Amino acid sequence: SKFEREGISGIERRSQFAMNSHLLIHRIETIFDRLNTLSILDSEANIIHPMTPTDIEENRSANAYLEDGKVQADRGNYTEAIAIYREAIELYPQQANLYRELGVVQEKVGDIEGEIASYQQAIALQPKQPNWLYLTLAHLLAQTGNSQEAIAVCQASLEIHPDVMEAHRKIIDILLREQKFNEVLAYTEKTFGDSPSSLEDLNVLGHAFFKLNQFTRAEGYFQSAINQ
C-alpha cells in the first residue's frame, strides 16, 4: 500500500513538521518567562518562593540580553546573537531561558553539539520547559546516535506534558529506526490501544506488523488507514 511504501520517511516528515510547529511558538512561551519576575518555582518541592530584589534585577538584566540577542538573530546576525547569549550566561549562569535561546540560534548555524548541550542545560536548570524543546532535543540525540538518551528525554517530556502525544510518537519513531518492531508493537498498543484512530498510528502498526511478516494484521491496519 502507499502507506507501507511511505514507511519511516513519511513518519519522519510528519515528526519534523510537528517539531517545526513547536519551534514557531517558542517566542510566546518566552513571554511567560518574562512575566515570572515576582516568584521562583521550586520544581522538586512544587513551592513558589518570593523573589528577592536581587533576583528580580537579575531577571531584568538577563531579559535585556535576551532582547538584544533576539534582535541580532532576527537580522540574521547569528554569530553576534551567540556572543550576546554567551556573555549573558557568564553573568547569569542560572537563567535557563538564556541556554534555551542560545540553542535556538545554534540550530541556525548548524552547531548540533552546542544545541544539544544548551537544551540539556536549560532542562537541568528548569525542567518545566516547553514541549518543543524536549522534542527537538530528542530528535537531535537520535540523529547523533544517542537513541536511549533520546527516549529518556521523551519520557521526561511526558512527565511534564502527559497529554502531548508527539513525545509518544517520537519514541515509536526511534524504535522504528532501530528496527525494534516488537517493541514498536508493544509500545504502540500500550499507548494507543488495539484500535488507534489516527492515520499515523495506524500506519506505524501496519508497518511494524509487515516487518514481522504478519501480513494479515498489517493489511488490516493499512486498510483502516486508507478508509480514513
Side-chain angles (χ1 to χ4, degrees), residues 12-41 43 51-146 149-150 153-154 156-157 160-161 164 166-167 170 173:
E12 180 182 17
R13 286 196 300 274
R14 287 190 292 274
S15 176
Q16 185 68 44
F17 177 79
M19 184 180 68
N20 289 339
S21 298
H22 287 292
L23 287 171
L24 290 175
I25 65 172
H26 89 274
R27 288 184 180 276
I28 297 173
E29 289 159 332
T30 302
I31 292 172
F32 288 96
D33 288 337
R34 295 172 191 156
L35 295 176
N36 184 26
T37 56
L38 298 177
S39 62
I40 296 176
L41 175 63
S43 58
M51 292 181 72
T52 66
T54 301
D55 293 329
I56 294 173
E57 183 57 35
E58 180 176 310
N59 256 20
R60 288 173 178 166
S61 299
N63 284 340
Y65 277 97
L66 280 173
E67 288 296 335
D68 289 344
K70 286 182 178 180
V71 167
Q72 294 301 324
D74 288 344
R75 292 174 178 171
N77 300 327
Y78 302 128
T79 301
E80 289 83 350
I82 289 171
I84 289 170
Y85 291 138
R86 290 199 184 283
E87 180 181 346
I89 286 169
E90 287 287 329
L91 296 171
Y92 311 109
Q94 299 304 309
Q95 293 284 330
N97 51 358
L98 290 173
Y99 293 94
R100 188 176 71 198
E101 295 303 320
L102 173 60
V104 171
V105 182
Q106 286 170 319
E107 184 272 333
K108 300 291 186 182
V109 298
D111 182 5
I112 294 177
E113 290 185 5
E115 187 181 0
I116 289 173
S118 294
Y119 289 152
Q120 286 175 327
Q121 186 62 24
I123 290 172
L125 289 171
Q126 176 51 270
K128 273 198 168 180
Q129 293 292 334
N131 190 53
W132 69 261
L133 188 149
Y134 279 97
L135 291 178
T136 303
L137 177 57
H139 176 79
L140 293 170
L141 288 168
Q143 189 179 37
T144 53
N146 298 301
E149 286 184 61
V153 167
C154 290
S157 176
I160 306 295
H161 309 281
V164 179
E166 284 93 337
K170 188 62 187 175
D173 178 51

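Side chains included, hydrogens not; waters and symmetry mates left out as well; all remaining heavy atoms used. Only a predicted model underlies this, so the values are computations on that prediction, with no experimental measurement involved. In this chain, numbering begins with 1 at the start of the sequence shown.
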Between the OH atom in Tyr119 and the CH2 atom in Trp132, the distance rounded to the nearest 0.5 Å is 4.0 Å
When every non-hydrogen atom of Tyr85 is compared with those of Lys70, the smallest separation belongs to OH-N, 3.3 Å
### Under 3.5 Å donor-acceptor, Gln95 side chain and Asn97 backbone
no
Contacts of Gln72 meeting side-chain contact (heavy atoms from CB on, under 4.5 Å) (sequence neighbours excluded), chain-then-number -> Arg75, Asn77, Glu80, Ala81, Ile84
Here the pair of heavy atoms bringing Ala122 nearest to Gln129 is O-NE2, 3.3 Å
* To do: State, with a plain yes or no, whether a side-chain heavy atom of Lys170 is found less than 4.5 Å away from one of Val153.
  => no
Residues at least two apart in sequence or cross-chain that pass side-chain hydrogen bond (donor to acceptor under 3.5 Å, both in side chains) with Gln106, listed by chain then number, are Ser118
Given the options Leu91, Asn63, Leu125, Leu66, Leu98 meets side-chain contact (heavy atoms from CB on, under 4.5 Å) only with Leu66
Output for pair (Ile89 CD1, Glu101 CD), nearest 0.5 Å, gives 10.5 Å
Across all chains, not counting sequence neighbours, the side-chain hydrogen bond (donor to acceptor under 3.5 Å, both in side chains) partners of Tyr65 are Glu87
Those residues at least two apart in sequence (or on a different chain) that pass side-chain contact (heavy atoms from CB on, under 4.5 Å) with Ala156 are Tyr134
TODO: Side-chain contact test, heavy atoms from C-beta onward, threshold under 4.5 Å: evaluate it for Leu133 versus Ile123 and give yes or no.
DONE: yes
Heavy-atom closest pair (Glu115 atom, Gly103 atom, distance to 0.1 Å) is CG-O, 3.4 Å
For Ala73 and Val105 the tightest heavy-atom approach is CB-CG2, 4.1 Å
Sorted by chain and residue number, the side-chain contact (heavy atoms from CB on, under 4.5 Å) partners of Ile116 (sequence neighbours excluded) come out as Ile112, Gln120, Leu137, Leu140, Leu141, Thr144
Residues at least two apart in sequence or cross-chain that pass side-chain contact (heavy atoms from CB on, under 4.5 Å) with Ala167, listed by chain then number, are Leu135, Cys154, Ser157, Leu158
